[in-house]
Asker: 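One structure, as structure tokens, below. Some questions next.
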Protein chains: 2
Amino acid sequence: MSIEKVAHLAGVSKATVSRVLNHNPGVRPDTRAKVLAAIDICDYQPNLLARQLRTAQSHMLLVLIPDITNPFCSRVVQGIEAEAEAQGYHILLCNSGSQLRREAAYIALLTGKVVDGVITMDAAACLQELKELIGDAPWVQCAEYDPSIAASSVAIDNKEAAFETVCYLASKGRRRIALVNCDMRYLYSHQREEGYRNALEKLDLNWGSVAYAENVSCDAGSAALRELLMLPERPDAVFAVSDVLAVGVIHAALEAGLRVPEDLAVVGFDGINFTSSLNPPLTTIEQPMNRMGARSVQLLLNRIRQPNSPVVHEVLPWKRVERASS
Amino acid sequence: MSIEKVAHLAGVSKATVSRVLNHNPGVRPDTRAKVLAAIDICDYQPNLLARQLRTAQSHMLLVLIPDITNPFCSRVVQGIEAEAEAQGYHILLCNSGSQLRREAAYIALLTGKVVDGVITMDAAACLQELKELIGDAPWVQCAEYDPSIAASSVAIDNKEAAFETVCYLASKGRRRIALVNCDMRYLYSHQREEGYRNALEKLDLNWGSVAYAENVSCDAGSAALRELLMLPERPDAVFAVSDVLAVGVIHAALEAGLRVPEDLAVVGFDGINFTSSLNPPLTTIEQPMNRMGARSVQLLLNRIRQPNSPVVHEVLPWKRVERASS
DNA sequence: CTGTTAGCGCTTTCAA
DNA sequence: TTGAAAGCGCTAACAG
């Protein structure tokens, strides 16, 4: 089932079979027909490895994600996959848990020519180490990026989104607005906290408080709220930097006998699917997850096709989705 | 940076470099040292494509999933990925949306030797078509399988789980137990419905009703409940074949002014993460998602390493997790 | 329009 | 213990 057998069967040379396979013009119709018939008759499947080795491109993209079970990540991956497929590329997934050892194993595939480029979603704090491994292979940083690294990025304006969210809550009459943040390895946690603080200042709100969740899970969100509820003056609104945390916040609030939104307004971040089916439905800042993924692929392919195309830092729009929780 | 350059630099032959690379015994220590030094000096990275072509194995596994944003799927993928990595394999992800065209493009990588085997999570109804494409390449069916296909499978006993769940609800005093099912392309939807009906019969419950959700989403779950609430006699319990549907059921129930569980008990299926942070927390039938993924990898590797090892249909245990919704 | 030939970079006999 | 040489299956000059 190699190209040579097909050539024999069709009574032509390997080169001609190759031409037919690659839709090369300049093959006489009847020759083409002979070849096609031979291919059909022996159910020939080209060995893609050999082709990739020869052409020095694999049409595969590596995607490094900290946690595929995080709904935000999986939606972005969906966008990546769809766009990659549309452009004739396949994706190789590494669910890294942000463990450098696992990532290194996958990045060896990059240097080993098994993939043509890489998209990362790792926390900004890991990016310098990744830089060491990736070198200057084609690379796009998605959602999280390190401004000092010369690789393109796709993200939203987190500072602005956070600023506007606090203003929104204030406009609803809230005066004690707390932030539920996660750990500071993420660029977004810095940026959203900065937006939060700027807004408090701008609005002359003298009450402010930040609780840090141990990780991005519902339980950690609940724990963060319980912490806030122990304050001498309780918050009347919570802005959580992720929907998953917000789910935990609402859960703990109801458990503590508070009404949402009457006693405590809650706003989340990301716009993952099921938040509209919570009780109450969650107000959130929606990120264009599919588009972030798709755009990352486009920038990466630009880079792959024209290695010295400029690095770009793309900022995509976000959107507030108002629901009953605020 | 080819193996040849390294050989030159070290003053040995390509073969020797290859031996060192593959930790082949029978290389004199000082020769090895020379080679290692040369590798280091020119920062050599082996071309994995060439190696794969030569050895005729890629150490890559293809994973076909209908929807990566479905939390059940992403948890299984997590298990697959972890086990694959532990065994020195990488995974290539196809988020197919159950579109045969997309799957075919990925399966070409199987026949094209880019991957060594495939794990599918597609609905049973698609499996015969996939069989055509996959032929007799190493294949494991995960969660969904077609008993008539000669490929191994990993799943739970859905009929039993559904049967027991209805008995459990009945033991809590429920008498009008409805089923919220999804479309019947899935094997599990048949099996769980069968278990449900068997239990009604066994328990002499003469009230029974099934609502079919259009797809596996919260909204579809809500719609299904609304349908059930229009019945002359309303259910006092709902068993949903997926947690995502159950979230929608609870949402619609509360919206309709019902109390959960007082007026309506709700049980879900799968055991995805955030259901314990709902209000009320969801009772569910937990599937061993990580383990299902991991076991699939093991069976697949058995098959890859010993092509005529027997086909096995593995049945894993499930577990009821009782929470406040029932 | 088609065939011949030379590799892509690696592993693996077979000899020495 | 090491080297020479063949070849995995394909594509891409270069001739004809």
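Both backbone and side-chain heavy atoms feed into the values below; hydrogens, waters and symmetry mates do not.
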Asker: Assuming nearest nucleotide by heavy-atom distance, tell me which of A/A15 and B/L53 is located more 5' along DNA chain D.
Answerer: B/L53
Asker: So, is A/S18 near the phosphate of D/dC10, with a side-chain N or O under 4.0 Å from OP1 or OP2?
Answerer: no
Asker: Just checking, is any N or O donor in the side chain of A/Q141 or A/D146 under 3.5 Å from an acceptor N or O on the other one?
Answerer: no
Asker: What nucleotide, of C/dT11, D/dT11, C/dT13, holds the atom closest to the side chain of B/R19?
Answerer: C/dT13
Asker: Starting at CD of A/E4 and ending at C1' of D/dG9, how long is that distance when rounded to a whole Å?
Answerer: 9 Å
Asker: Output the single nucleotide from D/dT11, C/dC10, D/dG3 whose closest atom is nearest the side chain of B/V12.
Answerer: D/dG3
Asker: Can you find a side-chain donor-acceptor pair between A/Q45 and B/T111 that sits under 3.5 Å?
Answerer: yes
Asker: To the side chain of B/S2, which of D/dC10, D/dG3, C/dC10 is closest?
Answerer: C/dC10
Asker: Using the side chain to side chain contact (heavy atoms under 4.5 Å, CB included) definition, which of the options B/L187, B/T120, B/I134 pairs with B/L127?
Answerer: B/T120
Asker: Does either side chain, that of B/Q57 or that of B/D116, offer a donor lying less than 3.5 Å from an acceptor on the other one?
Answerer: no
Asker: Round to the nearest Å and state the distance from B/L49 atom CG to D/dT11 atom P.
Answerer: 14 Å
Asker: How many Å lie between NE2 on B/H23 and C1' on C/dT11, as a whole number?
Answerer: 15 Å
Asker: Does B/E83 pair with B/R295 as a salt bridge, N-O distance under 4.0 Å?
Answerer: no
Asker: Does a side-chain N or O from A/N22 land closer than 4.0 Å to OP1 or OP2 of D/dT11, or not?
Answerer: yes
Asker: Classify the nucleic acid contact of B/K113 as base, sugar-phosphate or nothing, counting any heavy atom under 4.0 Å across all strands shown.
Answerer: nothing
Asker: If you check every side-chain atom of A/R54, which of C/dT12, D/dA6, C/dG7 has the closest atom?
Answerer: C/dG7
Asker: Take A/T31 and B/P46, find for each the nucleotide of DNA chain C with the closest heavy atom, and name the residue whose nucleotide sits nearer the 5' end.
Answerer: A/T31
Asker: How many Å lie between CD1 on A/I3 and P on D/dC10, as a whole number?
Answerer: 5 Å
Asker: The side chain of A/S13 lies closest to which of these nucleotides: D/dT2, D/dT11, C/dG3?
Answerer: C/dG3
Asker: So which nucleotide from C/dT11, D/dC10, D/dT1 ends up closest to the side chain of B/R28?
Answerer: D/dT1
